[in-house]
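Input: a single structure, listed below in structure tokens.
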Amino acid sequence: ALSAGSVPPVVERLPQTAAVLVWRREFTSRFRTLDTVEEQAIAHARSGGSFGALCAMLVAHAGETKGVKMAGEFLAQWLQEGMIVGVQEST
């Protein structure tokens, strides 16, 4: 709303505690709330965990089909949002 020159919406309290992800894409600050699963996935990635281990973690949480789908959706969203700036190969 602010970047569009509109009046921002009224502040509302979330129904439960949530994590907020804050990042910058080029010169624009961005933020959004995270659910618990994505919060754990980001913590895993930030700690140097591999994508394979992330998939295994999500499969353990949600089952094989849904867990793999979640991993792909998270990766696609993080790429689209510009949060991934490089890839490190495992040795």
Side-chain angles (χ1 to χ4, degrees):
L2 293 175
S3 42
S6 310
V7 175
V10 176
V11 176
E12 293 182 30
R13 185 176 296 272
L14 294 173
Q16 58 189 355
T17 303
V20 176
L21 178 65
V22 180
W23 75 101
R24 188 175 71 201
R25 184 169 188 176
E26 296 178 0
F27 297 106
T28 305
S29 297
R30 312 243 179 207
F31 68 94
R32 64 179 172 83
T33 56
L34 298 175
D35 64 25
T36 305
V37 177
E38 188 177 8
E39 179 184 7
Q40 292 170 352
I42 288 174
H44 170 81
R46 286 185 43 93
S47 71
S50 70
F51 186 69
L54 173 63
C55 290
M57 179 179 86
L58 293 171
V59 164
H61 169 75
E64 186 170 354
T65 302
K66 189 173 179 185
V68 171
K69 181 181 178 194
M70 289 172 72
E73 289 171 345
F74 285 156
L75 180 59
Q77 183 172 10
W78 299 340
L79 287 166
Q80 178 192 14
E81 292 174 337
M83 292 183 355
I84 297 177
V85 295
V87 177
Q88 181 178 358
E89 269 189 64
S90 300
T91 55

For L14 against A18, the heavy-atom pair lying closest together: CD1-CB, 3.8 Å

Which atom pairs, donor and acceptor, lie under 3.5 Å between side-chain atoms of residues 43-54 and protein residues at least two apart or in another chain?
| from | atom 1 | to | atom 2 | distance (Å) |
| --- | --- | --- | --- | --- |
| H44 | NE2 | S50 | O | 3.0 |
| H44 | NE2 | L54 | N | 3.4 |
| S47 | OG | A43 | O | 3.4 |
| S47 | OG | H44 | O | 2.8 |
| S50 | OG | A53 | N | 3.0 |

Interatomic distance, I42 atom CD1 to M83 atom CE [nearest 0.5 angstrom]: 4.5 Å

Partner set under side-chain contact (heavy atoms from CB on, under 4.5 Å) for V22, not counting sequence neighbours: V20, F31

Qualifying ring pair (Phe, Tyr, Trp, His ring centres under 6.0 Å) pairs, either residue in residues 60-85, two or more places apart: F74-W78

Interatomic spacing from OG1 in T33 to CD in Q16 - rounded to 0.5 Å: 10.0 Å

Neighbour count >12 (heavy atoms, 6.0 Å) for atom CZ, R24: no

Criterion side chain to side chain contact (heavy atoms under 4.5 Å, CB included) on V68 and V59, from CA distance to verdict: CA-CA 6 Å; V68 171; V59 164; 3.8 Å; yes

Pairs involving residues 1-13, ordered by first then second residue, that meet salt bridge (Lys or Arg N to Asp or Glu O under 4.0 Å) (sequence neighbours left out): none

Inter- and intrachain pairs under salt bridge (Lys or Arg N to Asp or Glu O under 4.0 Å), touching residues 61-81, at least two apart: R32-E81, K69-E73

Residues clustered with V11, ILVMFWY side-chain links under 4.5 angstrom: none

Shortest non-hydrogen separation from G67 to A62 and the atoms involved: N-CB, 4.1 Å

